[in-house]
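What follows is a single structure, and I will ask about it in a moment.
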Amino acid sequence: IESDGAAIAAAKQKFVSGDPAVVAVVKVLRARAEKMLADGPFTIVEKKHRLPGVDVHDYVSLAPYYWPNPDTKDRLPYVRHDGHRNPEIQEYDAKPMSELADHVYTLALASYFTGDRRFSDRATVLLGIWFFDPATRMNPNLNHAQLIKGIDDGRGTGIIESLRLLNVVDAVGLLQGSPSWSAENQKKIEGWFADFLNWMLTSENGKDEAAAANNHGTWYDAQAVSYMLFLGKDSAARDVVEAAMKKRIA
């Protein structure tokens, strides 16, 4: 996550120059990307479980450490078993979003190093389906992330799941300059992240996560700063980082 641009550019020069160590790594990367070409597409609209009254384009996930209640007939409300992940979480939207982020980053990185347009073309298609296509796009919110059955329909803690989107930001950076990625695509993806960042900063779930004193708060800041820098909001990003020195690190 959050790859250093200068380091990747230097690594690419070593690859072009035939550096054996880098060539070996890119060989593995290419093989992984080749296998990914046929995967997907990934979307949240083909849900196995829909929430009544909730837009199918809204992201929905379960709190990972909550399990069916053994003491009630309807198994509700779910009860917490800290550290034990309920396999039901694989049936909701966390899995496809993770797969989407992993695929577009790997494909974009492979394209950047090898120049093989098949990889950048596929990454662009996957991004378009998840973020742009009106029939399949994800709404820019996590209102229903990490819900607890029988208790609520989503919590601020669920925002930690969108840290996977940091790989999407990096993938977009790697795609810039590729013939697969257009100025219109860039405008659309920036618009989506602008809306998502606004939701993080203004929603009740976002405010709850911003106030978290543990790793959740730290990952909230990491995401906010990344999205701000992606959108050219350098001053706002600097404010978050400076506040974190006392709010988080101290």
Donor-acceptor pair between Trp181 and Gln186 side chains, under 3.5 angstrom: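 Gln186 and Trp181 do have a side-chain donor-acceptor pair below 3.5 Å.
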
Applying side chain to side chain donor-acceptor pair (under 3.5 Å) to His144 and not counting sequence neighbours gives none

Those residues at least two apart in sequence (or on a different chain) that pass side chain to side chain donor-acceptor pair (under 3.5 Å) with Gln13 are none

Looking at OH of Tyr220 and OG of Ser162, how far apart are the two atoms once the value is rounded to the nearest 0.5 Å?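 Going from OH on Tyr220 over to OG on Ser162, the span is 10.0 Å.
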
Quick one: ring-ring contact (aromatic ring centres under 6.0 Å, His included) partners of Tyr59, sequence neighbours excluded?
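Expected list: none.
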
Give a yes-or-no answer on whether the side chains of Asn143 and Asn141 include a donor-acceptor pair shorter than 3.5 Å.
yes

### Message
Can you see whether Asn139 engages Asp55 through a side-chain donor-acceptor pair at a distance of less than 3.5 angstrom?
### Response
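There is such a pair between these side chains.
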
Are the side chain of Thr43 and the backbone of Thr136 linked by a donor-acceptor contact shorter than 3.5 Å?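 Here the side-chain-to-backbone pair exists.
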
Sequence neighbours excluded, every pair satisfying salt bridge (Lys or Arg N to Asp or Glu O under 4.0 Å) that has a member inside residues 57-81 =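 Output for this query lists Arg80-Asp82.
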
inquiry  = What I want to check is whether the side chains of Arg32 and Thr106 have a donor and an acceptor closer together than 3.5 Å.
reply    = yes

- For Phe230, which residues count as a ring-ring contact (aromatic ring centres under 6.0 Å, His included) partner, sequence neighbours excluded?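 Partners of Phe230 by the ring-ring contact (aromatic ring centres under 6.0 Å, His included) criterion, ordered by chain and then number, come out as Phe193.
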
Worksheet entry | Carboxylate-amine/guanidinium contact Lys47 Asp93, below 4.0 Å | yes

Applying side chain to side chain donor-acceptor pair (under 3.5 Å) to Asn215 and not counting sequence neighbours gives none

Pairs of donor and acceptor atoms involving the side chains of residues 18-31, under 3.5 Å and at least two apart or interchain, shall be tabulated with distances.
unit_1, atom_1, unit_2, atom_2, d
Asp19, OD1, Ala21, N, 3.0
Asp19, OD1, Val22, N, 3.2

### Query
Counting only N and O atoms by type, is there a donor-acceptor contact under 3.5 Å from the side chain of Thr72 to the main-chain atoms of Leu76?
yes

Arg85 side chain to Pro64 backbone, donor-acceptor under 3.5 Å: no

Check your understanding: To the nearest 0.5 Å, how far apart are CD1 in Ile189 and CD in Glu184?
Key ->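 Output value for this atom pair is 12.0 Å.
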
Residues passing the ring-ring contact (aromatic ring centres under 6.0 Å, His included) test with Trp192, sequence neighbours excluded, are Phe131, Phe196

Original post:
Do Ser120 and Ser180 get their side chains close enough for a donor-acceptor pair, meaning under 3.5 Å?
Top reply: yes

Hits for ring-ring contact (aromatic ring centres under 6.0 Å, His included) against Tyr92, two or more places apart or cross-chain, chain-then-number order -> His49

For Ser61, the side chain to side chain donor-acceptor pair (under 3.5 Å) test, sequence neighbours excluded, returns Glu161

Item to check | Expected output: side-chain Ser98 to main-chain Ala94 donor-acceptor under 3.5 Å | outcome: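 No, the answer is negative, given that no donor and acceptor are paired below the 3.5 Å cut-off.
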
- Do side-chain atoms of Asp152 reach the backbone of Leu147 as a donor and acceptor pair under 3.5 angstrom? no

Worksheet item: Restricting to pairs with a member in residues 123-135, which pass side chain to side chain donor-acceptor pair (under 3.5 Å), not counting sequence neighbours?
Response: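 Not a single pair qualifies under side chain to side chain donor-acceptor pair (under 3.5 Å).
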
Notebook entry, point to check: Hey, is Glu34 close enough to Arg118 for a salt bridge, meaning N to O under 4.0 Å?
Noted result: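 The answer is yes: the pair qualifies as a salt bridge.
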
Margin query: Quick test of your reading of the model: are Lys149 and Glu88 salt-bridged, counting only N-O distances below 4.0 Å?
Written below: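 Counted as a salt bridge, because a side-chain N and a carboxylate O are separated by less than 4.0 Å.
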
N/O donor-acceptor pairs under 3.5 Å from side chains in residues 231-244, not counting sequence neighbours:
none

Quick one: does NZ or CZ of Lys188 land under 6.0 Å from the six-membered ring centre of Phe132, within 45 degrees of the ring axis? yes

Next item on the list: Look at the side chain of Asn198 and the backbone N and O of Ala194, then say whether any donor-acceptor pair between them is shorter than 3.5 Å.
Entry: no

- Message: Quick check on the 6.0 Å ring-centre criterion: do His103 and Phe42 meet it?
- Response: yes

